[in-house]
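To keep things clear, I will list the structure first and then write my remarks on it.
This one's a predicted model, so the numbers in the text were calculated from it and none came from an experiment.
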Amino acid sequence: MLVLSALALTGCATTGNSQQMAEADLSANRLIRDNYLSHTQSDPLGAYLASKERRYSTPQNKPQKEAMVATALKMLGIKYSYGGTAPNTGFDCSGLVIYAAEKSLGLKLPRQSAAIARKGESIKRDDLKRGDLVFFNTRGSRFSHVGIYLGNSKFLHAPRTGSVVRIESMDINYWRKRYNGARRLAAVRHDDAEKLAAQAGNMADQAQSKRLSSQVSVQTRKRLR
């Protein structure tokens, strides 16, 4: 299944020198995505991510909001961990949002998703833009789950124990029934917003490299037995 997913991602890539240069620049992001795929049985949104990754990873026109999206996307494949707030420990839903907002926007958000839902500006679903926060009722209470909107009804989040940070569609019946609002954060102005996002990405890459090295070591020991 992983091989088929990889072939599907390759088939979605465009050709040409500019695309080859972009692929070289995005090698770190692909390492994160590859690990994400290794934790899932299938990747129905892999083609979507492949077609959008260049936009996500190179903030230009709106550096602050794009930096938040790019920072969050670098966390793809990192394990869910209740109470987790960093790449090396894993994330829960609010921990992922808190981390991305602080590293890219300079915002310090409350720890609970319900408290985060009181920050920023309330947004109607039809007015959602990339980088807005979307909230869901998953535990019998409003705003008990939060994710980051990516556009085209897709959002990124840390779902649950045993899963990893991933992209899902808000149009899926489960999420459509549980959606209960969105907020748009007012970013603190920082000249080094992109630098903060890059530092966050480096931390994620280092944590990811350690995990991959550990996996290789385990596989090597098994072969030697």
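- By the criterion of side-chain heavy atoms lying less than 4.5 angstrom apart, applied directly or through intervening Ile, Leu, Val, Met, Phe, Trp or Tyr residues, V134 is not grouped with V97; the two fall into different hydrophobic clusters.
- Taking the side chain as every heavy atom from C-beta outward, I148 and L73 never approach each other to under 4.5 Å.
- Here the shortest heavy-atom pairing between G90 and I78 reads CA-CG2, 3.9 Å.
- Within 6.0 Å of OH in Y174 there are more than 12 heavy atoms belonging to other residues, nucleotides or ligands.
- Counting only heavy atoms from C-beta outward, the side chains of V164 and Y80 never approach each other to under 4.5 Å.
- Panel note: side chain S144, backbone T138; a donor-acceptor pair is recorded below 3.5 Å.
- Checking side-chain atoms of S94 against main-chain N and O of Q112 turns up no donor-acceptor pair under 3.5 Å.
- Note: T85 OG1 to E102 CD = 9.0 Å, rounded to the nearest 0.5 Å.
- Note on F91 and V69: same hydrophobic cluster, where clusters join Ile, Leu, Val, Met, Phe, Trp and Tyr whose side-chain heavy atoms are under 4.5 Å apart, directly or indirectly.
- Partners of R184 according to the salt bridge (charged side-chain N to carboxylate O under 4.0 Å, His left out) rule, which considers only residues two or more places apart in sequence or in another chain, are D132.
- To the nearest 0.5 Å, atoms NZ (K154) and CH2 (W175) are separated by 14.5 Å.
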If you look only at distance, which donor and acceptor atoms sit under 3.5 Å apart when one is on a side chain in residues 155-163 and the other is two or more places apart or in another chain?
residue: H157; atom: ND1; partner: H145; partner atom: NE2; Å: 2.8
residue: H157; atom: NE2; partner: E168; partner atom: OE2; Å: 2.8
residue: S163; atom: OG; partner: R166; partner atom: NH1; Å: 3.2

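- A101 approaches L185 most closely through the heavy-atom pair CB-CD1, 4.4 Å.
- Grouping the Ile, Leu, Val, Met, Phe, Trp and Tyr side chains by contacts below 4.5 angstrom, directly or via other members, places Y99 with V165.
- If you take CG on L150 and CG on L128, they are separated by 11.0 Å, rounding to the nearest 0.5 Å.
- K103 contributes atom NZ, which lies 9.5 Å from atom CE of M75 (distance to the nearest 0.5 angstrom).
- At most 12 heavy atoms of other shown residues, nucleotides or ligands fall within 6.0 angstrom of atom CZ in R139.
- Both L96 and L76 are assigned to one and the same hydrophobic cluster, defined by single-linkage of ILVMFWY side chains at heavy-atom distances under 4.5 Å.
- Once rounded to the nearest 0.5 Å, the distance linking CZ of F136 with CG of N180 reads 8.5 Å.
- Here the straight-line distance linking atom CZ of F143 with atom CD1 of I116 works out to 12.0 Å at 0.5 Å rounding.
- Shown here for A117 and R183, the closest heavy-atom pair between the two residues is O-NE, 3.1 Å.
- Y179 and Y149 fall within a single hydrophobic cluster, where Ile, Leu, Val, Met, Phe, Trp and Tyr are joined by side-chain heavy atoms under 4.5 Å apart, directly or via other members.
- Looking only at distances, a side-chain donor or acceptor of R111 sits under 3.5 Å from a matching main-chain atom of G83.
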